[in-house]
Amino acid sequence: MNILPQAASKRLLFLGLNLLLATFCFSSVARAAESKKPVSFVNDVIPVLTKAGCNMGSCHAKAGGGQNGFQLSMLGFEPREDYDSLVKEAQGRRLFPLAPSQSLLLTKATNETPHGGGSRLKKDSEGYLLIKRWIEEGTRWETGNEPTLVSVEVQPGRGLVQMGEKQQLKAVAKYSDGTTRDVTKNALYESNIKSMAEVDDQGLVKVLDIPGKVAVMVRYQGKMAVFTAAVPLNAPVQKVPSEKNFIDKFVFANLKELGIPPSPVCDDATYLRRVTIDICGRFPTQEETQEFLADTAPDKRDKLVERLLQSPNYADYFASKWTPLLKNRRDAASDITSNFAFHAWIRDSMLANVPYDQLVRELLGATGTVVSNPPVAWYKRVKDPKEQLEDIAQLFLGVRMQCAQCHHHPFERWSQDDYYGLAAFFSQIGRKPTGIQGEDLIFHQRGVAQAKNVKSGEMLKPVALGDEVGEIAPDEDPRLKLVNWMSSPDNPFFAKALVNRYWKHFFKQALIEPEDDIRDTNPPSNPELMAALEEHFVKSGFDLKELVKVITQSHTYQLSAMPNEYNLLDRQNYSRFYPRRLQAEVMLDSIDDLAGAETSFANLPPGTRAIALPDNSYTKSSAFLKVFGRPNSSSVCECERVQTSSLAQSLHLMNSSEVKSKLGAGSGRAAQLAKAEEPVEAKVKKLYMAAFSREPRPEELKTAVEFLTTPVEEGKTKADTKKKPTSKDYQDLIWALMNTKEFLFNH
C-alpha cells in the first residue's frame with residue numbers, strides 16, 4: 001500500500017482548503033453582483049405584484065377602473081400601462097423615492113395603511129425588499145439592454161406520483177440573452193382537477209386519492225408550462241378485453257400503466273339499449289330486441305351500429321345536438337320559417353353524412369337568403385362580428401376567446417390582437433332586407449377585411465389565432481380563408497375540438513374538460529388517444545359517421561357500467577361505462593313509448609318525436625322539457641343542456657298531470673294490456689322489454705305478477721286468491737318501472 005509522505009498530504013490539504021475558499025468567494029461575489037444588478041420593472045417588480053395577487057381580476061385588474069381608482073393590467077400582461085399607473089398617475093403619490101418604505105405602494109401592501117386586500121407582503125420578504133430597492137434606484141422603466149422573457153419551464157415536466165405523496169416543482173425562466181433564473185417562489189400554480197391534486201403557492205403538489213392523470217399549470221408573467229402527473233392505483237391488471245380497434249389499444253395501455261382493472265364487456269341487451277340511445281336517441285323496439293338477442297353472428301354488434309347510422313332517428317338526434325349549439329332560437333313568430341329551414345338543413349346533412357369540414361364551410365361562408373340557402377339563418381341569430389368569432393372559436397376550435405376582447409387571456413397565449421384579428425374575418429358581411437319580415441340577404445361586401453383593436457386603435461388584418469392566412473383581396477370572402485385554415489389537416493384545434501365533443505357524447509367525460517376549453521395548459525387525460533382520434537378523423541375525410549362507428553364498436557365503449565372492486569373511483573380513464581341521465585327529449589319520447597301515449601307539438605305533424613323538434617320554442621311550451629333541461633339555444637356551450645337530477649324532476653315524474661294522463665290514456669299500453677287475452681307473465685315480460693330491453697329476472701317477474709294479481713280489500717292483501725289485473729294495475733306497474741334508475745339512465 002502506497003502512503004503519501006506527510007509533507008505531500010499537508011500540501012494537498014492546503015490546496016483543497018484554498019479551492020473551497022475560492023469557490024465560496026466566487027459564489028459570494030456572484031450573489032453580490034446579482035444584488036447590485038439594477039432592478040428591472042418588467043422582470044422583477046411585475047412578478048412580485050402578480051404573486052401578491054395585486055393584478056388579479058378580483059383586485060386592481062378588475063374591469064372598469066380597477067380598485068379604488070388604481071388600475072393594473074390582468075396578471076401584468078401590459079407592463080407599460082402598469083408602470084404609468086404606478087409612477088405617473090395620481091400625481092405620483094403611490095411612490096416616495098426620498099423615503100421608499102413610506103411609499104403608498106408598500107404601506108398598502110403591508111397593510112400599514114388600511115388596505116381592502118389586507119396584507120400582501122411582509123416587510124422582510126424578498127418581494128418587499130426588491131420593490132423598495134427599485135424605488136431607491138429611481139423607479140426606472142428600463143435598466144438598459146435588459147433581456148426579455150422567452151419561456152418558462154417546469155421541472156420535472158411529468159412524473160409518476162403515488163396517491164398521498166408530494167412532488168416539489170421548480171419553475172425556471174429563460175431569457176433572450178441565454179440566461180435562466182429560478183422563479184419558483186414568484187410563479188403561480190393551479191391544478192386542473194383539484195379533487196385529484198392540490199398545489200400550494202410554492203409549487204408543492206400534493207396528490208390525493210383518485211387515480212388518473214392530473215396537470216398543474218405553472219404561470220410566470222406571460223408564459224406558461226404544465227406539469228403532468230400520472231397517479232396510479234397500482235391494482236393488478238391481469239385481464240383486459242381484447243383490442244377491437246386503436247381506441248382500445250390506448251385506453252387499455254393507460255389502464256395498465258395506472259393499475260386500474262377494467263370492467264368486463266357488457267351483455268348484448270345492455271349494449272343494444274346503450275348504443276341505440278346514443279346514436280338514435282330512443283330505446284330499441286321489442287322486435288329489434290328479440291331479433292338482436294336471437295342473432296348468433298359474431299359481428300352482430302358491428303352490423304347494429306351500421307343499421308343505426310342509416311336510420312332517420314340518427315339524423316334527428318344529432319340535429320337536436322347541433323341546432324341548440326348553433327342558436328336556432330325563435331325570438332319572434334316570424335322566425336319559424338328560418339328555424340324550420342335551418343333545422344332541416346342540419347338534419348339532412350347528418351342523414352347524408354356531409355363531411356364535417358364541408359358542413360362548417362357551408363355555415364361560415366353562407367350567402368343569400370334563408371329560403372335559398374338555410375345556413376344563412378345562423379347570421380340572423382349571430383349578427384355582431386365579435387359574437388361570431390367567439391361562437392366559431394368556442395364551437396369549432398374549442399378555444400374560448402371572450403377574455404381576450406378586453407385583456408390578454410389569463411390561461412392562454414391569446415392577446416387582444418389575436419381577438420380582433422379573428423374578428424376581421426367577419427368584417428365584410430353585408431346585409432340587405434328582403435321581402436320576408438325579419439329576413440336579410442347575406443352577401444360578401446367588397447372591401448379590405450380589417451378590424452379595429454379598440455384598445456390600441458390599430459386596424460388589424462385577418463389573422464387566424466396567430467397563423468397568417470396570406471393576403472386577402474377585396475373581392476375575396478375572408479370567411480372562406482378562415483375555413484380553409486380551420487379544415488387544414490395541420491390545424492391544431494379543428495379536428496381535436498370535434499372528436500373531444502363527440503367523445504363526451506358517448507362517454508360522459510371528455511378527454512379534455514370542459515370539452516370546449518382546449519389549451520396547452522389543459523391537456524387531455526389520454527394524449528395518445530386524443531392524437532389517434534384526431535388522425536383517424538382527418539384521414540377519414542372528416543367523416544362523422546365513421547367517427548361514431550369507431551367509437552361505438554370499440555370494446556372500451558362496450559364495457560359494463562358495473563364497477564369492480566378497484567375502479568369505482570375512476571372518473572376519467574374509461575375503465576367502465578359511466579351511466580348518465582337520459583336527455584330531456586329522449587326521456588319524453590321513451591315515456592311516450594312505454595306508456596303508449598303521444599305528445600302533440602304545435603305546427604308539427606302528429607307523431608313527431610321530441611328529438612325532432614326544430615327550435616327552442618318547444619322547450620318554453622313544454623313543462624317536461626323545461627324541467628329536464630332541454631337547452632334554450634342561447635349559448636354555444638354544451639353546459640346549457642342540463643343532465644343532472646333534481647327534486648323538481650322527481651316530483652314531475654311522480655305527480656304531474658302530464659305523466660298521469662299518458663299512463664291513463666284510453667288507447668295507451670296499460671289499457672291494451674288489461675284487454676289482451678294472454679298470460680300475465682307474458683304481459684310483464686313485454687313491459688320489461690319495452691322499458692329495459694331485457695326480460696325480467698325470476699324474482700322481478702314473481703314480484704310483478706303478485707302485485708298485479710293479488711287483490712287488496714280495506715288495506716289488506718289476500719294472498720290466497722287471484723284477480724284479473726285492471727288498467728289501473730298496469731298503470732301502477734308502468735309508473736314504477738318508469739321511475740327506476742335503470743329506465744332513467746343510459747348505462
Side-chain angles (χ1 to χ4, degrees), residues 31 34-35 37 39-61 72-79 82 109 117 119-122 124-131 133-134 146-159 161 165-194 196-207 214-229 403 407-415 519-523:
R31 285 196 299 270
E34 181 69 23
S35 65
K37 187 177 179 181
V39 178
S40 165
F41 180 77
V42 175
N43 292 334
D44 298 320
V45 176
I46 288 292
V48 172
L49 297 177
T50 302
K51 185 69 174 182
C54 304
N55 51 22
M56 297 292 182
S58 59
C59 198
H60 292 289
L72 291 173
S73 66
M74 176 66 73
L75 299 172
F77 287 126
E78 304 294 341
D82 295 342
S119 177
R120 313 305 299 179
L121 290 173
K122 293 182 179 179
D124 59 348
S125 67
E126 290 184 19
Y128 176 92
L129 296 174
L130 196 67
I131 293 177
R133 188 152 66 86
W134 173 68
E146 63 184 59
T148 57
L149 180 66
V150 175
S151 65
V152 64
E153 176 185 311
V154 59
Q155 300 173 355
R158 60 188 305 170
V161 186
E165 290 190 354
K166 297 180 180 180
Q167 172 68 57
Q168 177 62 53
L169 304 181
K170 179 180 179 182
V172 178
K174 297 184 177 182
Y175 294 89
S176 56
D177 62 355
T179 60
T180 61
R181 182 191 298 184
D182 185 341
V183 294
T184 304
K185 291 183 178 180
N186 279 336
L188 300 178
Y189 306 90
E190 184 174 347
S191 169
N192 72 330
I193 307 176
K194 294 178 175 59
M196 289 187 65
E198 300 170 346
V199 58
D200 66 16
D201 62 356
Q202 297 301 305
L204 182 63
V205 180
K206 181 182 179 181
V207 170
V214 64
V216 174
M217 176 179 64
V218 181
R219 178 169 54 205
Y220 183 73
Q221 292 180 266
K223 307 298 180 183
M224 282 161 278
V226 177
F227 164 71
T228 305
C403 293
H407 52 73
H408 196 293
H409 197 298
F411 303 119
E412 260 293 3
R413 57 184 182 272
W414 313 126
S415 66
R519 46 189 164 86
D520 295 340
T521 52
N522 188 26

inquiry  = Quick check for you: to the nearest 0.5 Å, what is the distance between Y128 atom OH and K122 atom NZ?
reply    = 14.5 Å
Test item: V216 and V226 side chains (from C-beta on) under 4.5 Å apart, heavy atoms = no
ask   = D200: what forms a side-chain hydrogen bond (donor to acceptor under 3.5 Å, both in side chains) with it, not counting sequence neighbours?
value = none
ask   = Nearest 0.5 Å, what's the CZ-NZ distance between R219 and K51?
value = 10.5 Å
inquiry  = To the nearest 0.5 Å, what is the distance between CD on Q221 and CG on N43?
reply    = 5.5 Å
key: Non-neighbouring partners of A197 that pass side chain to side chain contact (heavy atoms under 4.5 Å, CB included), sequence neighbours left out   = S191, V205, V214
query = Which atom names give the shortest non-hydrogen contact between L72 and C54, and what distance separates them?
reply = CD1-O, 3.9 Å
ask   = Can you name the side-chain hydrogen bond (donor to acceptor under 3.5 Å, both in side chains) partners of E146, sequence neighbours left out?
value = S40, T143
ask   = Excluding sequence neighbours, so at least two apart, what forms side-chain hydrogen bond (donor to acceptor under 3.5 Å, both in side chains) with D44?
value = R181
query = Going by heavy atoms in the side chains, are N186 and V48 under 4.5 Å from each other?
reply = yes
note = Applying side chain to side chain contact (heavy atoms under 4.5 Å, CB included) to E126 and not counting sequence neighbours gives K185
key: Side chains of L169 and Q167 in contact at under 4.5 Å (non-hydrogen atoms)   = yes
query = Taking S176 for the side chain and T148 for the main chain, is one N or O donor matched with an acceptor at less than 3.5 Å?
reply = yes
ask   = Between the side chain of T50 and the main-chain N/O of I46, is any donor-acceptor distance below 3.5 Å?
value = yes
query = Atom CG in L129, atom CH2 in W134: separation rounded to 0.5 Å?
reply = 15.5 Å
key: L121 CG to I131 CD1 distance, which is reported to the nearest 0.5 Å   = 5.5 Å
ask   = Are there more than 12 heavy atoms of other residues, nucleotides or ligands under 6.0 Å from atom NZ of K194?
value = yes
query = Taking D177 for the side chain and P147 for the main chain, is one N or O donor matched with an acceptor at less than 3.5 Å?
reply = no
task = Evaluate the side-chain contact (heavy atoms from CB on, under 4.5 Å) criterion for residues V199 and F227: first the C-alpha distance (whole Å), next the side-chain angles of each, then the deciding distance (0.1 Å), finally the verdict.
result = CA-CA 11 Å; V199 58; F227 164 71; over 6 Å; no
ask   = Got a sec, which residues hit side chain to side chain contact (heavy atoms under 4.5 Å, CB included) with K170, two or more places apart in sequence or on another chain?
value = Q155, V172, D182, T184
task = Verify side-chain contact (heavy atoms from CB on, under 4.5 Å) between V39 and V45, making sure each step is shown before the conclusion.
result = CA-CA 8 Å; V39 178; V45 176; 4.0 Å; yes
Heavy-atom side-chain contact between Y189 and D201 under 4.5 Å = no
ask   = Can you tell me how far the CZ atom of R519 sits from the CG atom of N192, to the nearest 0.5 Å?
value = 8.0 Å
ask   = For K166, what residues pass the salt bridge (Lys or Arg N to Asp or Glu O under 4.0 Å) criterion, not counting sequence neighbours?
value = none
key: By side-chain hydrogen bond (donor to acceptor under 3.5 Å, both in side chains) - contacts of D82 (at least two apart)   = S73
ask   = Looking at residues at least two apart in the chain, or sitting in another chain, which of them share a side chain to side chain contact (heavy atoms under 4.5 Å, CB included) with S151?
value = K174
